[in-house]
Structure formats: C-alpha cells, structure tokens
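Below is one structure; the comments refer to it alone.
Letters A, B, ... are given to chains in the order of the sequence lines, protein chains preceding strands, and every chain is numbered from 1. Note: hydrogens, waters and symmetry copies are ignored here, and every other heavy atom, side chains too, is used.
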Protein chains: 2
Amino acid sequence: MTLNDRKMMILQAIVKDYIESAEPVGSRSLSKKYNLGISPATIRNEMADLEELGFIKQPHTSAGRVPSDKGYRLYVDQLMEIKRTADKTRIHLKTELLRQYNELEQMLQYTSKLLSEFTNYTSIVLAPQVKKSRLKEIKLARIDEENMLAVFVTNTGLIQNPIFRVPPELSSDELEKIANFLNQKFVGMPLEEIENRLAGTLKEELERFHSAVHSVMPELFHALEQMSDMGLYLSGTTNIFNFPEFSDLSKARDFLTLLEEKQVISQLITDPGGGQLKISIGSENSIQKAHECSIVTASYHMDNQTVGWLSVIGPTRMDYAHVIDVLDQMSRLMNQALKDKY
Amino acid sequence: MTLNDRKMMILQAIVKDYIESAEPVGSRSLSKKYNLGISPATIRNEMADLEELGFIKQPHTSAGRVPSDKGYRLYVDQLMEIKRTADKTRIHLKTELLRQYNELEQMLQYTSKLLSEFTNYTSIVLAPQVKKSRLKEIKLARIDEENMLAVFVTNTGLIQNPIFRVPPELSSDELEKIANFLNQKFVGMPLEEIENRLAGTLKEELERFHSAVHSVMPELFHALEQMSDMGLYLSGTTNIFNFPEFSDLSKARDFLTLLEEKQVISQLITDPGGGQLKISIGSENSIQKAHECSIVTASYHMDNQTVGWLSVIGPTRMDYAHVIDVLDQMSRLMNQALKDKY
DNA sequence: GTTAGCACTCTATTAAGGTGAGTGCTAATT
DNA sequence: AATTAGCACTCACCTTAATAGAGTGCTAAC
C-alpha cells in the first residue's frame, strides 16, 4: 500500500497548503500553485485514490480536500522537511535567561512562555515527576516551640518544605538524629519507594529507633503524599482563537475546558510511545476530547533520566515542522541549563 | 436627584430581571411579571426618565431597557437585598477541607476552585503579598559542598527557599552565625524594608560582621527580590462561556486574554477603595479592558492585617447579591482557617 | 496514461419580505 | 394632574429565494 511518488508529491502539497491556508485544497489551485507538471484532471484522479485510501477527505461533495489524521501522520513520518528556520539566534538569546532563575518553578514557567511565543500555539510544561525523583537530602529543623520544618531536596532540584506541629518535648538534637537516620536510610531512593517503605515494615524499625518518631511520621508521610501533585505550566492558551477551526464558540470552549483538566492533560503528555520526540495527531490521542488537537512532546532530562516534558498543543492542522524544530532546540537548551545548575 | 420610590421600584425590577434573563426588559413584561400595580404606559414614562438620568439604556430604539453601570451601582448600593441563600451548610462543609492543606499555596488554589464553583463565575485569589509580610525566621544551611539553602519564613505562612552556591570555605558554623545575626536584625520586619536596608547602609555593617558574608549577600538579596512575584490563582475561567454577553468570540477572547495578564489582574484587584468588600462595576474598573466586567473583591487577613484578596470576576450583569454572600462567607471561613494555622 | 470539457453539487452570500416585541406620542379617563 | 388605552412606527431577527463561485466526477478525445 505504499504510494507512488506522484501521490506522495500531491499529498505533500495538500498538507502544506492546508496547514498554511486552512482552506480545503482544490485540484486547480494545487496545479497552479505548486507547478506539479500535471493537469488538474490528473490530480483529481490521484486525489480520488488518496481519498479512498483514507489520507484525505472532503468536507462536502463540492469542496476541495483536507488531510485526514492518517494523512498528517504520513506527512509527519515521511514527507515533512524539518526546516531549521526558527530563528536560532533568537531562541538562543531568549533562552539564555533560563539561567538566571534560581527556582525551577520559575524557570519552567518561563520556558512555557517562550514555547508558546515561538510557536504561536499553546504550550504545556510538565515539571519533574516528584515521585520518580530521588531523595538528595532530608532536613528537619524546629522553627519555634510548636512547629518544625521539613525540607526534602531531590536530585531534580525539587524542594518541598512542609511545616507541621510537633510536640515540644522533641528537641532540636533529637530532630537532627532522626534526620540523620532518615537520610542514611533513604538518600538516593525514589520518593515513591520511600513512601511504600514508610507504609511498610520500615515503620516499625523507625519507631524502635526513636520513641518520639511516631509523632512525626504521619505528618512526614502526609507531606510525601502531597508532593505527588505534579506541576503543570500552561502558556498561550488564548492562541487557540487564532485558528479558524476553533472559531466555533463551542469548539474553543471545549479546548479551553480540556486545558483546565490538569489530570487529563498530564496523562495525554506522558502517554508512552515515541522516543525523544512524540507526535500525537488528532484521533491518535488517548483522550476523546483531544481528538481535534495534535500534541507534540519533547522530554527533558536530569542525571540522564527523563524527568519532565515540554509540549505544544494545537489544531491537527499544525505546522509540525516548525513546532518540532522549536521543541528540539528548546529541550536541548533546557537540558543544558539544568545540567549546569544541578 | 434622588429618585422617587416608584422609579426605584422599577429600576430594581429591571435590574433583577435583566440579571436573570440577560434580555432587555420591556414595559409590558415588567408590569405583568412583577405586579407593580401600574400600567405599561406609566412604566414607559418612568423608564424614559430613568434613561434620561443615565440609569438604564436601550440597545436600540425598539428594544427594552438594560441597566447601565450607573444603574447597577444604584442597585448595589441601595436596592439589592443580600439574600443569605447560598447554601451555608454546603459552603461550610466544603470549606472544612481548607484545614487539611499544609501548604498555603494549595489552600489558596482550593479556595479559588470553591469560589468559582459556588458562584459560577471566574474566581481569582491573590496570595499574601510577599513584600508586606514580616520575617519570622531566616535559616541558612549547607546542602552539600557547593550549595546552601536559605529558608525565609514569614508571618503569613509563606516560605521561600532558594538554593544557591557558596564558596566551600564557608562552614556550617559560620552560616549559622550569619543566620543568627540576620535574624537578630530582621525578624519582625516587612520584607520590603529588609530589602531596602540590605541595599543601604546595613550592607557595610553586615560585611564588617563577617568577612565571608559578602559572598552570600548578593544571592540573598536576589532571592528577596524574586519573592516579589505574587501568587495568583485562577479558577473557572471557562465559565465565561456560559454568559450570552460573551458569546461573541472576540469578547470571550478579550476576557480570557485579560485573565492571562497577571500584572493587570492584580492591579485591578488591589486597587484601593472600599472596605471589607469592594465592588467595581464595568467602567469603574481602572483598566479599559475590564470595562465589560464587574469585579467583587473581599480581603483576607492574618495578624489583623489585610494580606490578600478573594475575587470574583464576571459580566456586569452579575448576580451581585449572591456573589457578595458567597465571598463574605468564604472570606470569614478562610480567615478562621488561617488563624488556626498560623 | 493524460487531459479538456461539461454537467452537476453544494456552500456562502445577498436581498426581500414577514413577524413580533417594544417604543413614543396623543387623547381619553380617573 | 396623573394615569392609561390606543395606535402608528421602528428595528432586530427569521425565513425564504436567488445567485455566484469553487470544485468535483465522468466521458471522450488526445
């Protein structure tokens, strides 16, 4: 079922043209605009074949053709020329600013803003998944008579510092002892494993180690659980209004509502598949509500491990080549910035 | 220029009806629906007067009347009956959950969500203004050979913990000394004042105190500056699609774009005026872009000081009575929860 | 295998006519 | 003097019809 060169050429032209114009592409204008060296009639014949094979479709009988999800897929896999056109210098310059953020959070927020700015779509940045990151250090310290501060530092630069009450009889020295013990046991371990162990047999061992520890444990455990909330940074949500496919109010609404459901969004982005870069087109998305969108996702790394994702979401009629280019550059630059920092 | 009772009654009926129906209100339907005891013709005469005085207006010649911003203002100030209808038990129950959040951030996020849920408008919660909160404690601690952690705790429960590099020759003991010194100097002081002092003469004193301190100062200073970003939690942004006044795509777009500009939003909300509760109707808003919206804002407190705001934004045709009721309840409950916690 | 020609299809746009809610004004009524 | 009934008038909105235009599929010629 491989297509001959001419069909490929025609499909490529249709997709390109439609990505640019958002109007169904007719045989006549195609032949004129792209100098394919064949007449509209011939193109019509080929189009009929392409339609039968499911790569393009007609909005209605007397309209031009529009790429189907399958058509975009073929385009992305085989026809697209990744143009390194996105202004490299500009991206590079702006990304330099990443280094000036001390807080990972702000850095991610800024990354997201840049992504939407460079692509004109909506961007999503997923912060490092807490549960998978490894403990670097636990600190416990009294703040005053009633409260203590726990600081969890992970290898992904994530810091969590819940405050909670402790009985006054627990001294600073004792807290330090407990912290030492916990560090000895847990440093280097993924948080989710720590959570499991805390719930399991280790609990007893800890309570044997220090009698006062049982008053701190539930709070620590709770704090760990709370860390599961994964940060998600959106930017350019209103860019959707630039695209005619969302000029229907209910379409725009559905899209924006989708974006509000952080749980769903993060599932879409972390869906397995793909390597360094993942492209999910229309109905390929695992969630029904995202069937009118395409999502391009790049991962970013720390310690040679994937810890989070940069993502661009927009209409299936997306300028894939450009988005891929930008995402590729941004993720590289971000990896570098993270490496320098942590 | 005070209106007679009948005019008041008619204006009240018009506003009520329009808030409910979003349709221009005609004299005939008004007379029927509200049993005012006067004929449509009389109402028409009164309406003509009310229009001349600027309390109502006509979308076009042969349409009913719609309240103007001035009309809403009169309604809010004198005619509105605050109905304690919002289900008190329901709000109370759900708000109970506020207590279970350790992190202020999550608590505010949840508050925002509840607000939009109870009102069906968009809600905005402004986190305590960092610069105005007072320092409760500074902690400095080494994390490893290269990095240290600074923890700022404020009276508003806000914690900031920037990590930065320090020269290895600075020992833990020395860090502790510095921290002690800083605490002694700054505890109880608003952050903005600390910032100023750090930039001023105190800088020299600090550097006299400990020779190594100059290597930490710029970073600490930078960290303080970064704390200025005020947290802003939005919820229910897509509720705007429920209102016919925003069924025009460009209107909806403008509204959502406005919400994306956090700087502008926080200005709108913190604009002075009003006491415990502030209502800003349409053109009363200081920002041109918000002239089609009304904003109702309640403040919340810590240590008997206003530290942040709860806000609801929606069309000028807003159910003010209900929103005020909900905001009032929520802010009380929140104040209580904060008091218990900090 | 390719292309010109042609009838046909379907959407989008515009114009025209009809409907109904609501008004302002005048004259009659209370 | 205030209120109300009556009536002509206005204007948005809806429906219908007519028209233009882009594009197709099919057939026959090249």
Side-chain angles (χ1 to χ4, degrees), chain A residues 3-11 13-15 17-18 20-68 71 244-245 247-249, chain B residues 3-11 13-18 20-68 71 244-245 247-249 251:
Chain A
L3 307 179
N4 63 36
D5 286 356
R6 196 167 66 187
K7 283 197 174 61
M8 286 294 216
M9 187 175 68
I10 291 174
L11 180 60
I14 292 174
V15 176
D17 198 78
Y18 187 66
E20 195 182 306
S21 70
E23 300 286 340
V25 187
S27 58
R28 189 180 156 76
S29 59
L30 205 60
S31 145
K32 260 193 194 166
K33 196 167 167 187
Y34 291 87
N35 292 321
L36 300 182
I38 44 180
S39 76
T42 312
I43 293 178
R44 279 203 289 282
N45 287 330
E46 296 286 36
M47 277 175 155
D49 291 348
L50 281 170
E51 180 162 8
E52 205 172 343
L53 293 167
F55 293 106
I56 54 179
K57 56 192 176 188
Q58 282 180 296
H60 56 86
T61 333
S62 72
R65 298 317 206 286
V66 162
S68 66
E245 38 269 84
S247 65
D248 178 4
L249 201 66
Chain B
L3 307 179
N4 62 36
D5 286 355
R6 195 168 66 185
K7 283 196 176 59
M8 286 293 216
M9 187 177 69
I10 291 175
L11 180 60
I14 291 174
V15 176
K16 266 191 184 173
D17 198 76
Y18 186 66
E20 194 184 307
S21 71
E23 301 284 339
V25 187
S27 57
R28 187 181 159 76
S29 59
L30 204 60
S31 146
K32 262 194 193 167
K33 196 166 166 187
Y34 292 88
N35 292 321
L36 301 181
I38 43 180
S39 77
T42 312
I43 293 177
R44 280 203 288 281
N45 287 329
E46 296 287 36
M47 276 175 156
D49 291 349
L50 282 170
E51 181 163 7
E52 206 172 339
L53 293 167
F55 293 106
I56 54 178
K57 56 192 176 187
Q58 282 181 295
H60 56 85
T61 331
S62 71
R65 300 311 207 288
V66 162
S68 66
E245 37 268 85
S247 66
D248 179 3
L249 201 65
K251 291 263 176 65

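At least one donor-acceptor pair closer than 3.5 Å links the side chain of A:Ser68 to the backbone N or O of A:Gly54. Distance alone, capped at 3.5 Å, places no donor-acceptor pair between the A:Glu46 side chain and the A:Lys7 backbone.
D:dA2 atom P lies 11 Å from atom CG of B:Asn4, rounded to whole Å. Counting to the nearest Å, the C1' atom of C:dT23 and the CD atom of B:Glu52 are 16 Å from each other. A:His60 has its NE2 atom 6 Å from the P atom of C:dA12, to the nearest Å. For A:Leu30 and C:dT3, the CG to P distance is 14 Å, given to the nearest whole Å. At whole-Å resolution of the value, CD in B:Gln58 and P in C:dG22 are 11 Å apart. The CD-C1' distance, from A:Glu23 to D:dG23, rounds to 13 Å in whole Å. One atom, CD of A:Glu46, and another, P of D:dG25, lie 13 Å apart when rounded to the nearest Å. The separation between A:Arg28 atom CZ and C:dG5 atom P is 12 Å, rounded to whole Å.
Look at A:Arg6 and you'll find a side-chain N or O under 4.0 angstrom from OP1 or OP2 of C:dT2. Proximity of A:Thr61 to the phosphate of D:dT24: no side-chain N or O atom is located under 4.0 Å from OP1 or OP2. For the pair B:Ser62 and D:dT10, the criterion of a side-chain N or O lying under 4.0 Å from OP1 or OP2 is not met. Taking side-chain N and O atoms only, B:Ser39 has a distance below 4.0 Å to OP1 or OP2 of D:dT4. Of the side-chain N and O atoms in A:Ser27, none sit less than 4.0 angstrom from OP1 or OP2 of D:dG23.
The residue among B:Pro59 and B:Gly37 whose nearest nucleotide of DNA chain D lies closer to the 5′ end is B:Gly37.
At a threshold of 4.5 Å between non-hydrogen side-chain atoms, the residues B:Phe55 and B:Ile14 do not count as touching.
Across all strands, B:Ala63 comes closer than 4.0 Å only to sugar-phosphate atoms, never to a base (heavy-atom distances).
Residues B:Tyr18 and B:Pro24 share a closest heavy-atom pair of CE1-N, 4.0 Å.
Checked by distance alone, A:Arg44 brings a side-chain donor or acceptor within 3.5 Å of a matching partner on the base of C:dG5.
Ion pair B:Lys251/B:Glu245 not flagged as a salt bridge, since none of the NZ, NE, NH1 or NH2 atoms sits closer than 4.0 Å to an Asp/Glu carboxylate oxygen.
With C:dG22, D:dG23, C:dA4 as the candidates, the nucleotide lying closest to the side chain of A:Ser29 is D:dG23. For A:Arg65, the side-chain atoms get nearest to D:dG25 when compared with the rest of D:dG25, C:dT3, D:dT4.
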